[in-house]
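The model shown is predicted, which means the values in this text are computed figures rather than measured ones.
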Amino acid sequence: MTATNTNLPDRYDPFTTEAKWQKFWEENQTYKADPQAGGEPYCIVIPPPNVTGSLHMGHAFDNSLIDTLVRYHRMKGDNALYLPGTDHASIAVHTTLEKQLKSEGKTRNEIGREQFLERAWQWKAESGGTIVNQLRRLGVSVDWSRERFTLDAGLTKAVLEAFNRLYEEGLIYRGKYLVNWCPESQSAVSDLEVDAKEVDGHLWHFRYPLSDGSGYVEVATTRPETMLGDTAVAVNPQDERYQHLIGKTLTLPIMNREIPIIGDDLVDTTFGTGCVKVTPAHDLNDFEMGKRHSLPFINIMNKDGSLNENAGEFQGQDRFVARKNVVARLEADGVLVKVEDYKHTVPYSERGKVPVEPLLSTQWFVTIRPMADRALEFLDEKNSPRFVPQRWHKVYRDWLVKLKDWCISRQLWWGHQIPAWYAVSETGDEITDNTPFAVARSEAEAREKLVSQFGENVKIERDPDVLDTWFSSGLWPFSTLGWPEQTPDLATYYPTSTLVTGFDIIFFWVARMTMMAGHFTGQMPFKDVYIHGLVLDENGKKMSKTAGNGIDPLILIEKYGTDALRYTMIKEVAGAGQDIRLDYNRKTDESPSVEGSRNFANKLWNAARFVMMNLDGQTPQQLGEPTATELSDSWILSRYYGVVQQTRGYMDNYGLGEAAKGLYDFIWGDFCDWYIELVKSRLQKNADPASRRVAQQTLAYVLEGILKLLNPFMPHITEEIWHTLTQQGEDTQQSLSLQRYPEAQTNLIDTGLEEQFELLIGTIRTIRNLRAEADVKPAVKVNVNLQSDSPQEREILTTGQSYIKDLAKVENLTIAVSENKQQEEKPRISWKTIALAIAAIFFFRIGLAIADAIDDVPLLGNFFELVGFGYVAWFVIRYLLSAEARQTFWQQFQSSEQKNLAQSEQTQQEQEQAIAGVVGTVQVLLPLAGVVDIQAYSAKLQKRLSKLEGDIKSLTGRLSNPKFVEQAPANVVKETRDTLAEAQKQAEILRDRLRQLA
């Protein structure tokens, strides 16, 4: 696969690299799971995207999070399975195919079910793989050999089994109930497939005359066309205005049908007039009221949204056309009282994009309460599943408590056809509400059942409807692993480890899966539910097709690479469940945040190139594990193992964003910006061989560890660098993602050393900043005075002074007590001084004793006296005898004193013409004399100060204006105040600088 190169190309090409490794992983089945392998099972089943879909930012975010978790656990040694698949998306496929048919001048009913399904499978074969191929572009580490589709044979078998079991247990039934009907797709839709939209509508007021001619009641409605199906008017029995009318009848306008006035506690006395028209076949509340009062149920609507024969003269009209015409007729008849503007919520079909119509229809339902109660039992007694973040626990629980029976039939053809067969020969060869049926696992089984009841000549026909897509999706965590068969995959990987999903799908999918799993497997389908937020657009808005503010992840991948996009999204997560905002320029299709991650990839690439250039062609394994011999080696190893410990801690607790940020700071800052710079001098060919080898070992060891730590987040670039660093052969099947994740050697973590090194780094950074501020040329070395009152700080600075001088380009470095401290300290005689004085007296007395002894020795004493006399005579003759000699001696004495005085004055001047910075309690002084043009530098600072003072005056004036403060938006006022505060701060810094230079 890769040549055994010992270094990388000059530039990182993400597009070539990513395609290469995606192909490598798939061809070598790198991520094929084995239920017989060792390790703790770790399994995530992909939230199946619609087969009609294409990759959007939500998919990219969700799968990046999942893949990061799976890769991490695989490298920890867990037996990991990331199982891919897609959903058949009944309504979406129907919408697509019916558009195609319409363009051909055809309908699905004209071509028939069989031909329609042939087209659907053909479309799936040709276009259904789009989303799967786009997922491959993300580099997800799925086991493609286990890819599933909700209509494949295995999952179809699971659906048949689940339906039959629920029916046999009395939990599935067929009945006529009010459902949400989408006239566009001509199918029932669940409550979860409905979007509530607030619209500006109207409230129409009508008069319904009492049948006895004694008066009328006034009703109000937002859907006047439904009055054609009214079968009562209801009032609250506690409403004194209308108590006397309960039991009387009204004559329904237009239809001239006599309807009763009923009393029902459901009526809100404050809505409209307090009188409510009751249409049991077209309103959910009216449906329940109709059942309570045994009212007739009159359906006035066809499945396409037009009115039927029960609508009288309005038959055949579209519901919205009929609305206008009904109002016009009521106005003409003199019963329209008034029309009010009215803002209210209208339910829209998520797929059909039209208002849904409550419609009385015979459908299949699941009795949900027993299944929901079982899921509640797991939640309350075992906290299963565990929600991350925990706040979603209550949301999920509340939803389970209020669930109603689930309508699972859809009037579509693409999907799992309901396994019920009707004895149509018993009802005139048609399926009616009363046609006998049998639920079975096959047509043969159904025929056998119906023959036993109706004889050999019975004619049977299968229910034409299909199951709600969420029925099969509810089985996904265990059907994909082989259920209802007891397969090795099911035994090993179920229950799965984690479900990663957005909060907006808790009701659609999470609750469906927990209810199904609890019922069929006796376990919750996953241990944890990790709820992530949404990816918001550059303005912090939710992305949607309707708003037209979506961001295509593939555009960003083409521009910056997959790793950059993945890393950006994960790094932006600040706490589990939080939304993230993606910077994006729609004119240029550029994203500063993703560009930043690409720059990070380039930084890592260039650092790796430098390291490999200095390893003399050796791999980390050949060099061996380092034993630190210098301060910088101990520091980087401590930081490395600290980051290993930190990253593992975050990842084990779903802190993916925090882990990514920690790695970014360590790799870019500690390793690339500091350690590599610190060891460059030790890598020279003429450097000490032992020190050079330790530097090589440390660089190679930490770099390989970095690649392993980062691999779950940025799998492609780390794989490429690792193969080159470790010199894997061309035919290798080894992958970085199968290596063990680093473990912390806690005995090498030295927080004290890290704190000390922070002082050194801070000092170097401060000197560099001062150099930049003063425009000191990079090649020019400077003198620096470091002053601190702390002996510990001075000791640290002394120990690391070689690093300071090397990285900050310092010629002479002075480390001393601060001047203020020196002035405060009074002269004190230390014990050392006293000891020296005593010793001096002692040796002086010895000297006198020796001298006395010498005097007693013949000739020797006289000899020393002559030597002393000779030296005195020489000094007098040389320096004092003549006037010229005395003048020369005096000039030399004065010159020495003046030199000492000049040096003292120069030091004082340097201190005064210096710029200062502070790190910790260390004052950093950078003398500028002889380094820069003081006068020119002062002029530059003065110019900047003048501009700032002008800005301050302008901003102060704006904030002093009451109109601005009161009328401007709050964020603008706050921004102005913040800008003023920053300008004042910068101005004060410049004044300090100018005072130092004055």
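Ring pair Y567/Y664 is parallel by interplanar angle, where below 30° counts as parallel and above 60° as perpendicular. Relative orientation of the H716 and W25 rings is tilted, given thresholds of 30° and 60° on the angle between their planes. Aromatic ring pairs are classed by plane angle as parallel below 30°, tilted from 30° to 60° and perpendicular above 60°; the pair H73 and Y42 is parallel. Ring geometry, F503 versus W392: the interplanar angle falls under 30°, so the pair is classed parallel (tilted spans 30 to 60°). Note: W21 and F24 have perpendicular aromatic rings, judged against thresholds of 30 and 60 degrees for the angle between ring planes.
Other residues, nucleotides and ligands place no more than 12 heavy atoms under 6.0 Å from the CD atom of E743.
A salt bridge between R977 and E982 is absent, with no side-chain N of the basic residue lying under 4.0 Å from a carboxylate O of the acidic one.
Atom CD1 of I570 and atom CG of L69 lie 8.5 Å apart (nearest 0.5 Å).
Contacts classified as salt bridge (Lys or Arg N to Asp or Glu O under 4.0 Å) and involving residues 43-70 (residues at least two apart or in different chains) are given here: D67-R71, D67-R566.
Considering only heavy atoms from C-beta on, L83 stays 4.5 Å or farther from V142 through its side chain.
There is no side-chain donor-acceptor pair under 3.5 Å between Y72 and D78. Inspection of the Q745 and Y641 side chains reveals an N or O donor paired with an N or O acceptor under 3.5 Å.
With hydrogens and angles ignored, the 3.5 Å screen pairs no side-chain donor or acceptor of T492 with any backbone N or O of D489.
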